[in-house]
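Data first, discussion second: the structure below is written as structure tokens.
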Amino acid sequence: MYDYGLPITNIKHYRQPTPPVYNMANIPKDVPLFLSYGGRDPLSNVFDVNLLLDNLKDHDKDKLVVQFREDYAHMDFIMAMNANQVVYDPLLSFFGLH
């Protein structure tokens, strides 16, 4: 869950100084998921995404799409000159299937 950064603020939201752990494996296995990440993104780095994917290893294979762009950083997913073809076309196709 979101960490508000200050223990007092976390206590206000969660009644504890740190946010509770959310078990990503609790996501229903038949919920369609489209995960897209980049190799140059410090906000969703490859190591963290691999941890997430490990938690989702039992997810229905036809409901999980993972898109990795080695050359993309965080803002490239919305601002890159080729984002329409690289990101949005596959995402819209995914929405069309689900």
Side-chain angles (χ1 to χ4, degrees):
M1 301 198 84
Y2 181 75
D3 186 348
Y4 288 91
L6 296 173
I8 191 71
T9 309
N10 285 328
I11 290 170
K12 179 180 172 184
H13 289 275
Y14 306 121
R15 294 188 165 93
Q16 62 188 50
T18 58
V21 174
Y22 183 80
N23 184 354
M24 299 301 282
N26 288 340
I27 295 173
K29 294 176 183 7
D30 61 344
V31 170
L33 297 174
F34 186 96
L35 303 175
S36 191
Y37 67 109
R40 295 183 180 180
D41 189 346
L43 298 177
S44 61
N45 67 63
V46 173
F47 178 79
D48 289 341
V49 174
N50 284 330
L51 288 175
L52 171 62
L53 292 173
D54 188 55
N55 283 307
L56 298 173
K57 66 180 174 267
D58 295 327
H59 205 81
D60 290 351
K61 301 301 179 213
D62 62 335
K63 301 283 184 173
L64 176 62
V65 171
V66 179
Q67 180 190 53
F68 175 68
R69 294 292 304 186
E70 177 68 40
D71 57 333
Y72 265 39
H74 199 73
M75 293 301 290
D76 290 323
F77 286 92
I78 58 171
M79 297 183 71
M81 296 296 287
N82 64 348
N84 188 43
Q85 295 82 25
V86 170
V87 179
Y88 299 121
D89 288 347
L91 181 59
L92 290 174
S93 293
F94 177 81
F95 287 153
L97 291 173
H98 301 285

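We use all heavy atoms of the structure for the numbers below, so side chains are in, but hydrogens, waters and symmetry mates are not. FYI, the numbering just counts along the sequence from 1.
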Derivation of the side-chain contact (heavy atoms from CB on, under 4.5 Å) call for I27 and H59
CA-CA 9 Å; I27 295 173; H59 205 81; 4.2 Å; yes
Using 0.5 Å steps for rounding, measure from the NZ atom of K57 to the CG atom of L52.
11.5 Å
Apart from L6 itself, its cluster of hydrophobic side chains linked below 4.5 Å comprises I8
Spell out, yes or no, whether F47 and L56 are grouped together once hydrophobic residues are joined by side-chain heavy atoms under 4.5 Å, including indirect joins.
no
Give a yes or no on whether the backbone of A25 and the side-chain of N23 come within a donor-acceptor separation of less than 3.5 Å.
yes
Sequence neighbours excluded, which residues qualify as side chain to side chain donor-acceptor pair (under 3.5 Å) partners of H74?
D41
May I have the step-by-step check of side-chain contact (heavy atoms from CB on, under 4.5 Å) for T18 and D3, ending in yes or no?
CA-CA 7 Å; T18 58; D3 186 348; over 6 Å; no
With a 4.5 Å cut-off on side-chain heavy atoms, are F68 and V46 touching?
yes
Under the salt bridge (Lys or Arg N to Asp or Glu O under 4.0 Å) rule, collect the residues that match up with D71, sequence neighbours excluded.
R69
Please output the side-chain donor-acceptor pairs of residues 78-97 that fall under 3.5 Å, not counting sequence neighbours, one pair per line with the distance.
unit_1	atom_1	unit_2	atom_2	d
N82	OD1	Y72	OH	2.6
Y88	OH	F77	O	3.0
S93	OG	D89	O	3.1

Looking only at non-hydrogen atoms, find the nearest pair between Y14 and Y2 and report the distance.
OH-O, 2.8 Å
Could you list the residues that satisfy salt bridge (Lys or Arg N to Asp or Glu O under 4.0 Å) with K61, not counting sequence neighbours?
none
Could you check Y37 against N50 for side-chain contact (heavy atoms from CB on, under 4.5 Å), going step by step and ending with a plain yes or no?
CA-CA 10 Å; Y37 67 109; N50 284 330; 4.1 Å; yes
Is it the case that over 12 heavy atoms from other parts of the model lie below 6.0 angstrom from the OH atom of Y22?
yes
Point-to-point distance, once rounded to the nearest 0.5 Å, from CG of L35 to CD of Q67
10.0 Å
So how far is it from L64 CG to F34 CZ, rounded to the nearest 0.5 Å?
10.5 Å
Validation row: L33, V65 side chains within 4.5 angstrom (heavy atoms):
no
Hey, could you give me the NZ/NE2 distance between K63 and H98, rounded to the nearest 0.5 Å?
5.5 Å
Among all residues two or more places apart in sequence or in another chain, which pass the salt bridge (Lys or Arg N to Asp or Glu O under 4.0 Å) test with D58?
none
Pairwise side-chain contact, I11 with P17, heavy-atom cut-off 4.5 Å (strictly under):
yes
